[in-house]
K.L.:
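A single structure is presented below for examination.
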Amino acid sequence: MATGNNSLGVDNTFRKKFDREEYLERAREREKQEAEGRGKSKGPPVQRKPLKHRDYEVDLESRLGKTQVVTPVAPLSQQAGYYCSVCECVVKDSANYLDHINGKKHQRALGMSMRVERASLQQVQERFEQLKKRKAPGSFSEQDLDERIMKQQEEEEERRRQRRERKKEKKKEKAAEEEPEIDPDVAAMMGFGGFGSSKK
């Protein structure tokens, strides 16, 4: 029948055929764009300062043990967790917050690279001198350590003794509250007077 017409109009080989000229043209355009991109300089690379010491205290314990109502419409700074105002994000626990503020993303947002400035011999010597001056004039000895340990043990014993006394007082108060005050005559009439002991 019409077998000859069918084979001419329909591609039934099921193999994908590529147009080489089209793909070569696309490759040439891409190479041109890349060459133009390389030719255009985006300016000097960003120079970041080396890492430096934190000049503030990280507050991890101010909200420790406190409860907070969390609503979905609250701003980020008032949500549960630790809020980083530099990166505008909330971190759920203290360990992850420390990792965040010491991490690359946060340091870059502050304008610092992760490189540490190399210290010279003079800077190291000055630092040692500062530390020596800051140290207490009296030298530390084993006798000082023994005295501190004895003092700490005495304080601990005193705390234990006070705790025991408080417990005894609470027991006495509780016993006094539980004991109903009954008139002795009424108790004797009802038979509450000396269980198991007869005094005649």
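Along the sequence shown, residues are numbered consecutively beginning with 1.
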K.L.:
With rounding to the nearest 0.5 Å, note down the distance linking CG in Leu51 to OG in Ser113.
P.N.:
6.0 Å
K.L.:
Who are the salt bridge (charged side-chain N to carboxylate O under 4.0 Å, His left out) partners of Arg26, not counting sequence neighbours?
P.N.:
Glu22
K.L.:
Hydrophobic side-chain clustering at under 4.5 Å (ILVMFWY, transitive links): who's grouped with Tyr56? Put none if nobody.
P.N.:
Val58, Leu60, Tyr82, Val91, Tyr97, Leu98, Ile101
K.L.:
Should the heavy atoms of other residues, nucleotides or ligands under 6.0 Å from CZ of Arg20 be counted, would the total exceed 12?
P.N.:
no
K.L.:
List the steps, then state whether side-chain contact (heavy atoms from CB on, under 4.5 Å) holds for Glu29 with Glu25.
P.N.:
CA-CA 6 Å; Glu29 286 178 19; Glu25 187 62 35; 3.8 Å; yes
K.L.:
Side chains of Gln125 and Glu129: closer than 4.5 Å at any heavy-atom pair?
P.N.:
no
K.L.:
Atom NZ in Lys52, atom NZ in Lys49: separation rounded to 0.5 Å?
P.N.:
4.5 Å
K.L.:
Are Asn102 and Arg54 side-chain neighbours, meaning at least one heavy-atom pair lies under 4.5 Å?
P.N.:
yes
K.L.:
If you compare all heavy atoms of Ala109 against all heavy atoms of Val86, which two are closest, and at what distance to 0.1 Å?
P.N.:
CB-CG1, 3.6 Å
K.L.:
Test: side-chain hydrogen bond (donor to acceptor under 3.5 Å, both in side chains). Region: residues 86-95. Which pairs qualify, not counting sequence neighbours?
P.N.:
Asp93-Asn96
K.L.:
So, does Gln107 use its side chain to make a donor-acceptor pair with the main chain of Lys104 at under 3.5 Å?
P.N.:
no
K.L.:
Looking only at heavy atoms, what is the nearest atom pair of Val116 and Pro50, with distance?
P.N.:
C-CB, 4.4 Å
K.L.:
Working to the nearest 0.5 Å, report the span between CD of Glu36 and CD of Glu34.
P.N.:
11.0 Å
K.L.:
Taking atom CZ of Arg115 and atom CZ of Arg48, what is their separation to the nearest 0.5 Å?
P.N.:
11.0 Å
K.L.:
Hey, what do you get for CD (Gln33) to CD (Glu31), rounding to the nearest 0.5 Å?
P.N.:
11.0 Å
K.L.:
Heavy-atom count check: over 12 atoms from other residues, nucleotides or ligands less than 6.0 Å from Glu117 CD?
P.N.:
no
K.L.:
Drop me the distance from Glu158's CD to Glu155's CD, to the nearest 0.5 angstrom.
P.N.:
9.5 Å
K.L.:
Which heavy-atom pair separates Gln79 from Arg63 by the least distance, and what is that distance?
P.N.:
O-NH1, 4.4 Å
K.L.:
Go through it in stages, so that I can follow the logic: the residues are Arg166 and Glu169, the test is salt bridge (Lys or Arg N to Asp or Glu O under 4.0 Å), and I'd like the CA-CA distance, side-chain angles, deciding distance and then a yes or no.
P.N.:
CA-CA 5 Å; Arg166 276 190 245 123; Glu169 288 176 12; over 6 Å; no
K.L.:
Any heavy-atom pair between the side chains of Cys84 and His100 that's under 4.5 Å?
P.N.:
yes
K.L.:
Checking salt bridge (Lys or Arg N to Asp or Glu O under 4.0 Å) for the pair Arg161/Glu165: CA distance, chi angles, key distance, verdict?
P.N.:
CA-CA 6 Å; Arg161 187 184 59 75; Glu165 287 177 4; 2.5 Å; yes
